[in-house]
Amino acid sequence: RLLQFYIPEGLKRLLSISIENAYLIQRGLFIFLVLLCFHFYLRKWFNAGLAFGGVLFFIEVMPLSYMIDLQESTPLLLLTFLLALWAIRDQNIIGYVLAMSVGALNNETMLILPMVFVLYNFKDFKLKNLLPLAWTTLWTSLPAYTIIAIIRYITRDNPRLAIWWQFPQNIDLMKANLISSPLGWWDARFLFIFFLFGTFWLFAFLNYSKMPLFLKRAGFLIPVFVLAHLFGGVIGEVRLMLPLSFLVIPMSFFHLFPVNQDTPVGDL
């Protein structure tokens, strides 16, 4: 996660400030850009008021991810994840490759996004369509995967901070939090995955058939993303779910506010 450290180090040297202030600037700058870009990303489907409401909802849930730790790769991850989704939706290949490549220098979570690229661009199982899709997916994903592979090779002797298989531990801790007194759930961090989006987890799929094609296809990422982190991540670190905001929120809005949407352009 090179940019997580190199950006604040560069700010520290450039501005002659403390490392604490450098990290503060990094977080503030990238979160501001996320909020700005998220608003215009939502404007594809919703009027200005709803787009602003989506941004506000995102701001409201973010503090739930600050209970235990502040992972400093998260702000830039959120920005690159959003920009990559935006580029896929608008079929901006160059933008997608750039967002993936920069994101790969910061956080390996970006490597799941080719799934969205494939699902959105999939037409049918005919070879004349599958082969070009496979080739485009390969070359657009290759820079990001190559970056991660090189970093992993260089740091191959470094110990991993957490074990690869987390599923039994995650389930046990979720059960323990669940059977505890609800008065203590404010600190039940292994239940925060449910609290983060609350009923929006459900709303995101209630009006599924009437959503734009992009959200229908990209929505398949949500269960895969959650399961991947349930198996290989510490699910109590609920910040891991924040990138799903850019799908869960607009999908939920299509259910909650069906009469306040702008007419989508085409079927994107």
Side-chain angles (χ1 to χ4, degrees), residues 1-14 17-38 41 58-59 61-87 95-116 141 143-156 158-164 166 189 192-193 196 221 224-226 228-248:
R1 300 182 177 182
L2 301 182
L3 295 184
Q4 170 179 330
F5 305 104
Y6 285 147
I7 291 176
E9 182 63 26
L11 290 171
K12 174 180 177 292
R13 298 185 181 188
L14 180 65
I17 57 178
S18 68
I19 193 64
E20 293 87 354
N21 285 335
Y23 274 95
L24 182 64
I25 292 173
Q26 171 183 255
R27 174 167 287 272
L29 174 62
F30 288 138
I31 293 299
F32 169 77
L33 291 175
V34 168
L35 300 180
L36 185 66
C37 291
F38 191 31
Y41 168 84
F58 176 71
I59 294 173
V61 302
M62 282 194 70
L64 286 172
S65 69
Y66 296 164
M67 291 293 291
I68 302 300
D69 63 277
L70 288 175
Q71 174 53 256
E72 290 307 329
S73 67
T74 298
L76 182 54
L77 167 63
L78 292 173
L79 180 61
T80 54
F81 201 94
L82 172 59
L83 292 177
L85 285 174
W86 194 345
Y96 170 66
V97 174
L98 288 174
M100 287 288 292
S101 299
V102 173
L105 285 166
N106 176 66
N107 193 296
E108 61 275 12
T109 302
M110 296 293 297
L111 299 185
I112 200 172
L113 284 174
M115 172 185 169
V116 177
S141 305
Y145 274 84
T146 300
I147 288 169
I148 294 292
I150 292 173
I151 293 173
R152 288 292 187 184
Y153 179 77
I154 293 173
T155 61
R156 62 189 181 278
N158 293 355
R160 195 172 189 270
L161 294 179
I163 61 175
W164 286 102
Q166 296 277 357
R189 68 187 186 100
F192 269 52
I193 186 175
L196 184 66
L221 176 70
V224 173
F225 193 95
V226 173
H229 286 87
L230 191 62
F231 291 145
V234 180
I235 208 68
E237 297 179 10
V238 74
R239 60 175 172 76
L240 298 171
M241 299 297 111
L242 284 177
L244 292 181
S245 303
F246 311 127
L247 297 175
V248 172

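Because the structure is predicted, anything quoted here is derived from the model rather than measured. Hydrogens, waters and symmetry mates play no part in the numbers below; they use all other heavy atoms, side chains included.
- When side chains are defined from C-beta on, L230 does not count as touching I193, because their heavy atoms never get closer than 4.5 Å.
- Atom CD1 in I7 sits 5.0 Å away from atom CG in L76 (nearest 0.5 Å).
- Heavy-atom minimum distance, K12 versus A22: N-CB, 4.0 Å.
- In this structure the side chain of V238 never reaches within 4.5 angstrom of the side chain of R189, judged on heavy atoms.
- Partners of L247 by side chain to side chain contact (heavy atoms under 4.5 Å, CB included), not counting sequence neighbours, listed by chain and number: Y41, L85, F214, L215, A218, L221, I222, M251.
- The side-chain heavy atoms of N107 and Q4, taken from C-beta on, include no pair separated by under 4.5 Å.
- Note that the CD atom of E9 and the CG atom of L11 stand 9.5 Å from one another [nearest 0.5 Å].
- When every heavy atom of A99 is checked against every heavy atom of M110, the shortest pair comes out as O-CE, 3.6 Å.
- Partners of L24 under the side chain to side chain contact (heavy atoms under 4.5 Å, CB included) rule, at least two apart in sequence or in another chain, are N21.
- Side-chain contact between F38 and L78 is absent, with no heavy-atom pair separated by less than 4.5 Å.
- Screening F225, F58, W86 against F246 for a ring-ring contact (aromatic ring centres under 6.0 Å, His included) leaves a single residue, F58.
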Please test M62 against R239 for side-chain contact (heavy atoms from CB on, under 4.5 Å), starting from the C-alpha separation and ending with a verdict.
CA-CA 8 Å; M62 282 194 70; R239 60 175 172 76; over 6 Å; no
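- Listed here is the closest heavy atom pair of S141 and P114: OG-CG, 3.3 Å.
- The side-chain heavy atoms of V226 and L244, taken from C-beta on, include a pair separated by under 4.5 Å.
- When all heavy atoms are compared, the tightest approach of L242 to S65 is CD1-OG, 3.5 Å.
- Residues L82 and V34 approach most closely at CD2-O, 3.8 Å, considering heavy atoms.
- With sequence neighbours left out, the side chain to side chain donor-acceptor pair (under 3.5 Å) criterion links S101 to no other residue.
- Put simply, the side chain of M100 reaches to within 4.5 Å of the side chain of L113, judged on heavy atoms.
- Scanning for side chain to side chain contact (heavy atoms under 4.5 Å, CB included) contacts around V102 gives L3, T80, with sequence neighbours left out.
- For F5, the ring pair (Phe, Tyr, Trp, His ring centres under 6.0 Å) criterion is met by no residue, not counting sequence neighbours.
- In Y6, the OH atom is not crowded: 12 or fewer heavy atoms of neighbouring residues, nucleotides or ligands sit closer than 6.0 Å.
- Residues that satisfy the side chain to side chain contact (heavy atoms under 4.5 Å, CB included) test with L33, not counting sequence neighbours, are L29, F30, L79.
- Not a single ring pair (Phe, Tyr, Trp, His ring centres under 6.0 Å) links Y145 to another residue, sequence neighbours left out.
- For Y96, the ring pair (Phe, Tyr, Trp, His ring centres under 6.0 Å) partners at least two apart in sequence or on another chain are F117.
- Across all their heavy atoms, N106 and S73 have their closest contact at ND2-O, 2.8 Å.
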